[in-house]
Amino acid sequence: MEGRVYPSRLLLLDWYDHYARELPWRENPEPWPVLLSEFILQQTKMEVGLGYWKKMYKRFPTLHEMSISTLEEVMLLWQGCGYYARARNLHKLSVIISSRDPPIIPSDPKELEKLPGIGPYTSAAIASISFEVPIAAVDGNVKRIFSRLNAIEHPNSTDVQEWANISLDENRPGDWNQALMELGAIVCTPRAPKCNSCPVSENCKARFTDDPAKYPASKRRSSTKVNGHALVISSPEGIVLSQRKGSQLGGLWGVPITEDPNGLEALCIDHKIHSPEKVGEIHHAFSHRDFHLQVWKVDVLKGGIRSDSVPISRLDQRILDAAGCGES
DNA sequence: GTCCAGCACC
DNA sequence: GGTGCTGGAC
């Protein structure tokens with residue numbers, strides 16, 4: 001990595017000591033609260049994730065507490081946070097660890113990586129933050145910072161990993177990893193980097209280009225449009241919900257949906273109702289699918305369940321809101 | 001309204 | 001290499 005630009009350890013750690021956000025698991029980085037935070041923050045920004053961390057940690061102050069809880073309860077606390085495989089893996093992990101003797105979270109990155117939901121990034125993050133293991137944790141922030149410091153639009157992951165390994169401060173590996181990520185989260189942000197308040201902008205190559213934000217080049221994902229219908233069947237007892245199967249929103253509960261624009265009639269026949277009233281439209285984008293759903297509602301005399309008794313996704317929450325049934 | 005970021009797993 | 005979900009930035 002001859003000729004590459006590295007962030008100054010002195011400057012970045014000093015900045016981190018001064019400006020890092022105060023987070024509950026940072027005061028005393030015990031393995032369980034740190035692991036919990038890493039699972040939540042895998043695909044969720046801090047402002048949102050912190051709320052989830054607080055209620056999860058309150059309910060599950062130890063890994064053991066989660067292991068003796070049900071997946072259903074974990075899902076209920078996780079609802080709305082997205083990427084529900086994380087919750088399933090977290091619960092599974094807690095059961096695996098508590099069955100061990102001794103029932104403790106391993107400090108060895110290789111051992112951590114064998115656990116469900118823990119990949120190279122999360123393994124390195126937990127090992128360095130909780131156990132001071134000198135290993136570089138490479139996430140999207142680190143990749144972006146590397147890309148900008150060196151003005152490389154398409155960094156390959158091998159180079160980023162090597163750069164992170166070399167730059168790692170082995171005396172404070174946990175703080176170093178967090179300092180890089182913190183910088184990426186609050187200064188070297190994806191859209192509008194705040195170069196003027198960046199502690200390591202002195203020798204940043206992107207800073208002196210027309211548009212620092214163009215590093216790294218973003219990749220687009222194509223998405224397919226899906227036009228369909230959602231059916232809210234409401235009775236005094238509750239809403240008709242069923243547990244979704246398959247990978248998409250699997251395990252969560254939701255209202256009947258068809259992805260066929262002409263499928264409303266079949267949906268009604270399936271559920272033995274007729275003459276639903278159109279109450280709204282929902283636009284909801286998943287990673288590669290753009291849902292446009294007409295929301296229909298019909299009142300029946302009995303059946304259904306209370307929507308606050310089972311975990312549901314944002315999509316279904318918004319469908320229920322559109323139908324005026326969303327006060328859960 | 002539209003774009004975009006994000007890590008593990010298949 | 002494609003897929004999972006959401007909220008916030010624009």
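Sequence lines set the chain letters: A, B, ... in the order given, protein chains first and strands last, and positions in each chain run from 1. If you're wondering where the values come from, they're calculated on a predicted model, not measured in any experiment.
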Residues passing the side chain to side chain donor-acceptor pair (under 3.5 Å) test with A:Arg148, sequence neighbours excluded, are none
Pairs: protein N or O with nucleotides 8-10 of chain C N or O, under 3.5 Å:
| residue | atom | partner | partner atom | Å |
| --- | --- | --- | --- | --- |
| C:dG8 | N2 | A:Arg191 | NH2 | 3.4 |

Taken to the nearest whole Å, CZ/A:Arg88 to C1'/C:dG4 is 9 Å
A:Met46 CE to B:dA5 P, in whole Å, measures 19 Å
Margin query: Looking only at side-chain N and O atoms, does A:Arg314 offer a donor or acceptor that is under 3.5 Å from a partner on A:Gln79?
Written below: no
Here the distance between atom C1' of B:dG1 and atom CD of A:Glu281, to the nearest Å, is 14 Å
Here the side chain to side chain donor-acceptor pair (under 3.5 Å) pairs for residues 118-131 of chain A, sequence neighbours left out, are A:Glu38-A:Tyr121, A:Gln42-A:Thr122, A:Ser128-A:Asn177
Rounded to whole Å, the CD1-C1' distance (A:Ile312 to C:dC5) equals 14 Å
Taken in chain and number order and not counting sequence neighbours, the residues that satisfy ring pair (Phe, Tyr, Trp, His ring centres under 6.0 Å) with A:Trp53 are A:Trp25, A:Tyr57
Contacts of A:Asn156 meeting side chain to side chain donor-acceptor pair (under 3.5 Å) (sequence neighbours excluded), chain-then-number -> A:Asp159
In whole angstroms, the gap separating P of C:dG7 from CG of A:Leu50 amounts to 15 Å
For A:Phe291, the ring pair (Phe, Tyr, Trp, His ring centres under 6.0 Å) test, sequence neighbours excluded, returns A:Phe286
Applying ring pair (Phe, Tyr, Trp, His ring centres under 6.0 Å) to A:Phe39 and not counting sequence neighbours gives none
Here the distance between atom P of C:dC5 and atom CH2 of A:Trp78, to the nearest Å, is 12 Å
In short, salt bridge (Lys or Arg N to Asp or Glu O under 4.0 Å) pairs touching residues 246-260 of chain A with sequence neighbours left out are A:Glu259-A:Arg289
Separation of C:dC5 atom C1' from A:Phe39 atom CZ, nearest Å, is 17 Å
Self-check item: Touch class at under 4.0 angstrom, heavy-atom based, for A:His283 against every strand present
Solution: nothing
Taken to the nearest whole Å, CD1/A:Ile282 to P/C:dC5 is 17 Å
Produce the list of close N/O pairs, under 3.5 Å, pairing protein atoms with atoms of nucleotides 6-10 of chain B; give distances to one decimal.
| residue | atom | partner | partner atom | Å |
| --- | --- | --- | --- | --- |
| B:dG6 | OP1 | A:Arg144 | NH1 | 2.7 |
| B:dG6 | O3' | A:Gln42 | O | 3.3 |
| B:dG6 | N1 | A:Tyr83 | OH | 2.7 |
| B:dG6 | N2 | A:Gln43 | O | 3.2 |
| B:dG6 | N2 | A:Tyr83 | OH | 3.4 |
| B:dC7 | OP1 | A:Gly140 | N | 3.1 |
| B:dC7 | OP2 | A:Gly140 | N | 3.2 |
| B:dC7 | O2 | A:Gln43 | NE2 | 2.8 |
| B:dA8 | OP1 | A:Gly119 | N | 3.2 |
| B:dA8 | OP1 | A:Thr122 | N | 2.8 |
| B:dA8 | OP1 | A:Thr122 | OG1 | 2.3 |
| B:dA8 | OP2 | A:Tyr121 | N | 3.4 |
| B:dA8 | O5' | A:Gly119 | N | 3.4 |
| B:dC9 | OP1 | A:Gly117 | N | 2.3 |

A side-chain contact here means heavy atoms from C-beta on lying under 4.5 Å apart; do A:Val187 and A:Trp15 qualify? yes
